[in-house]
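This report concerns only the one structure given below.
If you're wondering where the values come from, they're calculated on a predicted model, not measured in any experiment. Every chain is numbered from 1, with letters handed out A, B, ... down the list of sequences. Computed from heavy atoms alone, side chains included, the values below leave out hydrogens, waters and symmetry copies.
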Number of protein chains: 2
Amino acid sequence: MAPRGRRLDAGARREQILEAAVACIAERGFGATTRELARRAGVTQALLYQYFANKQALTEAVYERVYLGRLDPRWMREIRDRSRPVERRLEDFYRRYTAAIFTYEWMRIFMWAGLAGEGLNRRYLGTVEARLLRPLAEEIAADGRFGAPELEAMWALHGSLVYIGIRRFIYDLPTPEDPGPAVAAGVRRFLDGLRAEAQRARRRRLR
Amino acid sequence: MAPRGRRLDAGARREQILEAAVACIAERGFGATTRELARRAGVTQALLYQYFANKQALTEAVYERVYLGRLDPRWMREIRDRSRPVERRLEDFYRRYTAAIFTYEWMRIFMWAGLAGEGLNRRYLGTVEARLLRPLAEEIAADGRFGAPELEAMWALHGSLVYIGIRRFIYDLPTPEDPGPAVAAGVRRFLDGLRAEAQRARRRRLR
DNA sequence: CCGCTTGTTGATCGTTTGATCAACGAAGGG
DNA sequence: CCCTTCGTTGATCAAACGATCAACAAGCGG
């Protein structure tokens with residue numbers, strides 16, 4: 001961006017440092033040194049302390065940048081929109097959700113934070129369960145054809161899809177270029193599985 | 001174990017240090033300091049270098065300890081045993097596989113290694129695909145009732161189950177005490193999903 | 001052109017890190 | 001009993017770490 005040493009207004013410089021920190025911490029984790037962050041941002045190490053009190057403050061700013069407001073409230077509304085078939089709603093939601101989180105930065109920083117034992121992951125995934133998985137399970141149950149899935153089943157679906165991103169960004173394994181079809185197939189298989197189970201249960205009750 | 005400073009024969013001391021390193025690196029990752037490892041093992045930091053050339057050598061010994069020989073060759077044989085129904089084989093395999101890898105040490109060191117960019121994960125998961133997922137897909141296809149699942153579908157099953165361990169050991173979230181029932185339910189749902197898809201395809205072909 | 005504000009730097013501090021080494025001391029054979 | 005062996009330690013090193021600070025210089029109002 002701006003050549004080294006050139007003056008920049010405070011807001012832009014802070015932004016530049018934060019963006020570099022996001023990239024650097026995604027790659028190396030919280031063990032990344034302040035000198036690495038500074039080099040990546042194209043500024044001196046001392047300048048970091050002009051914009052952030054210390055390394056931990058910068059780290060927390062990185063958290064906020066990556067996770068704040070990633071859960072689009074519209075998703076939760078559309079999950080509840082019973083004018084559309086639940087299959088479509090489930091598929092649409094997970095297409096959008098995976099599109100939102102399948103980035104190098106999101107996936108890796110989330111995993112680094114999990115291993116580091118920050119509360120962030122528990123809070124975030126608590127919200128995922130309460131605001132996404134639980135409503136989805138209720139909508140599936142309300143349909144009638146699929147029985148009432150347990151939360152653990154919803155986590156299985158969630159995990160099967162998120163794992164695509166883990167393979168790609170954590171383990172650096174080849175995955176489908178566009179995860180869309182795999183997501184759609186996964187959702188379909190999941191609902192088919194639920195329906196078969198529900199039918200078995202119904203037949204057992206009739207006998 | 002042995003009181004500090006007490007002489008121990010070389011083999012036992014090396015073992016003691018290695019075991020402490022496994023626990024310490026599982027918790028803190030490769031950024032764990034040599035002084036931390038030594039304190040955990042109850043020896044001085046200098047003694048580490050009597051048994052390992054440097055920190056990286058110790059790290060690699062930890063890798064070996066945790067991952068070498070975890071893929072039991074019997075699993076691969078039993079997957080191919082067509083005298084038993086494929087449903088049972090799939091469920092049995094994943095019960096044993098998850099029982100083997102769902103430990104604090106395995107799960108976390110594997111994740112640390114993935115983020116650190118070691119080749120270990122790619123090699124290991126390459127083996128998983130070639131020796132486990134591909135054979136499983138072939139056995140499922142050979143049954144006839146489930147169609148021929150793509151590898152991506154097998155990865156979805158794999159991910160849905162492994163994610164239980166990730167929730168537990170990486171994100172420190174509550175999960176079923178015994179993952180067995182969840183594994184069995186996941187496998188059943190997966191096969192039901194495959195079967196429904198195969199039936200749809202068959203019907204399309206008849207039309 | 002001056003002088004003030006403020007974004008930026010180079011030098012430097014104390015601490016922690018991985019690694020080395022001379023010296024210690026428990027154990028066993030003669 | 002002494003002497004050799006070898007597991008173990010405390011002291012220490014150079015490098016790298018997070019953090020601080022006086023000094024510098026770009027831009028702007030006057």
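In this structure, CG of Asn54(B) is placed 16 Å from C1' of dA15(D), rounded to the nearest angstrom. The CD-P distance, from Gln50(A) to dT5(C), rounds to 16 Å in whole Å. Regarding Leu48(A), its CG atom lies at a distance of 16 Å from the C1' atom of dC21(D), rounded to whole Å. What separates CZ of Phe52(A) from P of dT8(C) is a distance of 13 Å, to the nearest Å. Going from atom CD1 of Ile25(B) over to atom P of dG18(C) covers 11 Å, rounded to whole Å. Going from atom CD1 of Ile17(A) over to atom C1' of dT8(C) covers 10 Å, rounded to whole Å. Whole-Å rounding puts the Arg39(A) CZ to dC17(D) P distance at 9 Å. Rounded to a whole Å, the CD atom of Gln56(A) is 13 Å from the C1' atom of dG18(D).
Under 4.0 angstrom from either OP1 or OP2 of dT8(D) there lies at least one side-chain N or O belonging to Tyr51(B). Within the structure, a side-chain polar atom (N or O) of Tyr49(B) is placed less than 4.0 Å from OP1 or OP2 of dA19(C). Look at Arg35(B) and you won't find any side-chain N or O under 4.0 angstrom from OP1 or OP2 of dT16(C). For Thr44(B) and dT8(D), the shortest distance from a side-chain N or O to OP1 or OP2 is not below 4.0 Å.
Residue Ala12(B) is classed as having no contact, given no heavy-atom separation below 4.0 Å to the nucleic acid. Residue-level contact check: Asp9(A) touches neither bases nor backbone, having no heavy atom under 4.0 Å from any strand.
In this structure, Asp72(B) does not pair ionically with Arg96(B), as no charged nitrogen and carboxylate oxygen lie closer than 4.0 Å. Comment: Arg89(A) engages Glu139(A) in a salt bridge, judged by a side-chain N to carboxylate O separation of less than 4.0 angstrom. At a threshold of 4.0 Å, the pair Arg65(B)-Glu15(B) counts as salt-bridged, since one of the basic side-chain nitrogens sits closer than that to a carboxylate oxygen. Ion pairing between Asp192(B) and Arg195(A) fails under the 4.0 Å rule for side-chain N and carboxylate O.
Axis angle between the ends of the helix from dC1(C)-dG30(D) to dG30(C)-dC1(D), five pairs each and rounded to 10 degrees, works out to 10°.
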Derivation of the salt bridge (Lys or Arg N to Asp or Glu O under 4.0 Å) call for Glu177(B) and Arg168(B): CA-CA 10 Å; Glu177(B) 192 87 15; Arg168(B) 173 122 123 222; over 6 Å; no
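Counting only heavy atoms from C-beta on, Leu8(A) has its side chain closest to dT8(C) among dG10(C), dT8(C), dT8(D). Here dT20(D) is the nucleotide among dT8(C), dT20(D), dT9(D) with the atom lying nearest to any side-chain atom of Ala46(A). Each of dA19(C), dT17(C), dT20(D) was ranked by its minimum atom distance to the side chain of Thr33(B); first place goes to dT17(C). Side-chain proximity of Lys55(B) to the nucleotides dA19(C), dT17(C), dT9(D) is greatest for dA19(C).
With hydrogens and angles disregarded, a donor-acceptor distance shorter than 3.5 Å links the side chain of Arg108(A) to the backbone of Glu27(A).
Taking the six-membered ring wherever Trp is involved, the centroid distance between the rings of Phe190(A) and Phe190(B) does not fall below 6.0 Å.
Nearer to the 5' terminus of DNA chain D, by closest-nucleotide assignment, is the contact made by Ala10(B) (compared with the other of Ala10(B) and Gln45(B)).
Under 3.5 Å, the side chains of Trp155(B) and Glu129(B) contain a donor-acceptor pair of N or O atoms.
No hydrogens or angles were tested; on distance alone, nothing pairs the side chain of Arg13(A) with the base of dT8(C) as donor and acceptor under 3.5 Å.
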